[in-house]
Amino acid sequence: MPKPVLVIGNKNYSSWSMRPWLALRHLGIDFDEVRIPLYIEGSKEKMLEYSPAGKVPVYIEAGVRVWDSLSILEYLAEKHPSLWPADAKARALARSVCAEMHSGFAALRSTLPMNARAGDRWVELGGDAVGDTERILEIWETCRSGHGKGGPWLFGSFTAADAMYVPVALRFHTYGIEAGGFSKGYVETVLSDEYVREWIGGAEQEEEVIEKFEKGIY
Ligand SMILES: N[C@@H](CCC(=O)N[C@@H](CS)C(=O)NCC(=O)O)C(=O)O
């Protein structure tokens, strides 16, 4: 049986690709990776070979094709229920904060694009991005204080909620966003995770530079 395939973009810039990639690694699923460098000639055509949406990530397993990060996480959770918290109340919260990430925080995402290999950047945050940052810190605190006793992740063990918020924690690090209390510990958990390190290592090997995502003074 061929291995499942995850189609991703540049490790340095593609936060949506990082999310299911991390979940696969944390679940111990053996998969092949197809990397399509983004925003260069031919990349759209290549993505369209894998997904009618023409975007990454795409997950392909035994003839099943799933695109969109949140759908891939849901698909993986069908066979690997540990991707959601076991407790129904915690699971409802986890699903809500995943959806909130997936459909929101536009100001934060455009002001602070993921740049996994960068550090010591400074960007002036506008009001909406400050509001997004405050809401994210509130989410992390609610999850960690209410459900995080069993381990260092948002709901104790690694879940889809972490897959969704790890790229945000990386941005906090890259752009020096202050995170106090539970949130500081969460950013430290993310930065010391072996799979996050592996992803950043991959980003450091990449040579492509996408100017529109290179933001901040350093
Ligand atoms: N809602 C989608 C967003 C996917 C997305 O925007 N992916 C970006 C890379 S991070 C992409 O494929 N951009 C290339 C393009 O739009 O041409 C998801 O959650 O997977």
Side-chain angles (χ1 to χ4, degrees), residues 4-27 29 31 33-61 64-78 83-84 94-118 129 132 136 139 154 159-175 190 195-196 198-200 202-216:
V5 173
L6 183 71
V7 186
I8 60 172
N10 310 58
K11 285 189 169 158
N12 194 49
Y13 302 108
S14 182
S15 60
W16 296 115
S17 300
M18 185 184 193
R19 293 174 165 109
W21 185 96
L22 259 190
L24 286 161
R25 277 280 190 271
H26 271 271
L27 291 170
I29 296 172
F31 65 100
E33 198 177 288
V34 172
R35 195 184 76 95
I36 302 178
L38 300 175
Y39 305 111
I40 56 170
E41 211 186 319
S43 50
K44 194 51 129 185
E45 289 74 17
K46 279 208 184 95
M47 289 188 284
L48 282 164
E49 286 171 22
Y50 293 96
S51 156
K55 288 184 188 288
V56 288
V58 188
Y59 185 66
I60 303 154
E61 181 190 56
V64 177
R65 208 167 277 259
V66 194
W67 59 92
D68 195 291
S69 56
L70 193 52
S71 305
I72 299 170
L73 294 173
E74 285 289 8
Y75 177 81
L76 295 174
E78 286 180 18
L83 210 45
W84 290 118
R95 282 210 156 93
S96 301
V97 298
C98 281
E100 195 173 341
M101 177 70 244
H102 192 246
S103 62
F105 303 128
L108 180 117
R109 288 198 280 119
S110 62
T111 312
L112 308 175
M114 188 172 90
N115 192 339
R117 66 186 167 227
D132 283 355
I136 285 162
I139 288 172
L154 292 175
T159 65
D162 299 295
M164 274 288 159
Y165 282 92
V166 159
V168 180
L170 282 190
R171 287 163 155 103
F172 276 39
H173 171 68
T174 303
Y175 300 100
V190 166
Y195 304 119
V196 172
E198 186 187 335
W199 178 274
I200 295 172
E204 283 165 351
Q205 306 272 312
E206 292 176 342
E207 290 181 356
E208 304 95 9
V209 173
I210 303 179
E211 285 300 339
K212 66 177 174 178
F213 296 145
E214 290 292 332
K215 294 214 176 157

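Atoms within each ligand, like the ligands themselves, are counted from 1 in listed order. Just so it is clear, the structure is predicted and the values come from calculations on it, not from any experiment. Values reported hereafter were calculated over all heavy atoms of this structure, with side chains retained and with hydrogens, waters and symmetry mates removed. Residues: numbered from 1 along the sequence shown.
Per-residue contacts place K44 under 4.0 angstrom from the following atoms of ligand 1 (heavy atoms of the residue considered): 15 (C), 16 (O), 17 (O). Using a 4.0 Å cut-off to heavy atoms of L38, the atoms of ligand 1 that qualify are 9 (C). Taking every non-hydrogen atom of S14 and a distance limit under 4.0 Å, the qualifying atoms of ligand 1 come out as 9 (C), 10 (S).
Using 4.0 Å as the threshold, P57 has a heavy atom nearer than that to some atom of ligand 1. Using a 4.0 Å heavy-atom cutoff, Y13 is absent from the residues neighbouring ligand 1.
When the options K55, M47, M101 are ranked by their closest heavy atom to atom 16 (O) of ligand 1, first place goes to K55.
Shortest non-hydrogen contact noted between K215 and T111 is CD-O, 3.8 Å. P113 approaches S110 most closely through the heavy-atom pair CD-O, 3.9 Å.
When only non-hydrogen protein atoms are considered, atom 20 (O) of ligand 1 lies nearest to S69 N, 2.8 Å. When only non-hydrogen protein atoms are considered, atom 13 (N) of ligand 1 lies nearest to Y39 OH, 3.0 Å. The nearest heavy-atom contact from the protein to atom 3 (C) of ligand 1 is W16 CD1, 3.7 Å. The protein heavy atom nearest to atom 2 (C) of ligand 1 is D68 OD2, 3.4 Å. Of the protein's non-hydrogen atoms, V56 O, 2.8 Å is the one closest to atom 7 (N) of ligand 1.
Results of the side chain to side chain contact (heavy atoms under 4.5 Å, CB included) test with N12 over E206, E207, M18 single out E206 as the only residue that passes.
Qualifying salt bridge (charged side-chain N to carboxylate O under 4.0 Å, His left out) partners for E74, counting only residues two or more places apart in sequence or in other chains: R95. Take F105 and apply the ring-ring contact (aromatic ring centres under 6.0 Å, His included) test, not counting sequence neighbours, and it matches no residue.
Contacts of R19 with ligand 1, taken as heavy-atom pairs under 4.0 Å, are absent altogether.
Taking only nitrogen or oxygen atoms, main chain and side chain alike, S17 does not reach within less than 3.5 Å of ligand 1.
Between Y195 and H26, the ring-plane angle classifies as perpendicular under the 30° and 60° cut-offs.
Cation-pi contact between R19 and W16: present, with separation from the ring centre below 6.0 Å and deviation from the ring axis of at most 45°.
In this structure, the side chains of Y75 and V64 come closer than 4.5 Å at one or more pairs of heavy atoms.
Aromatic rings from F31 and Y59 are positioned such that their centres are separated by 6.0 Å or more.
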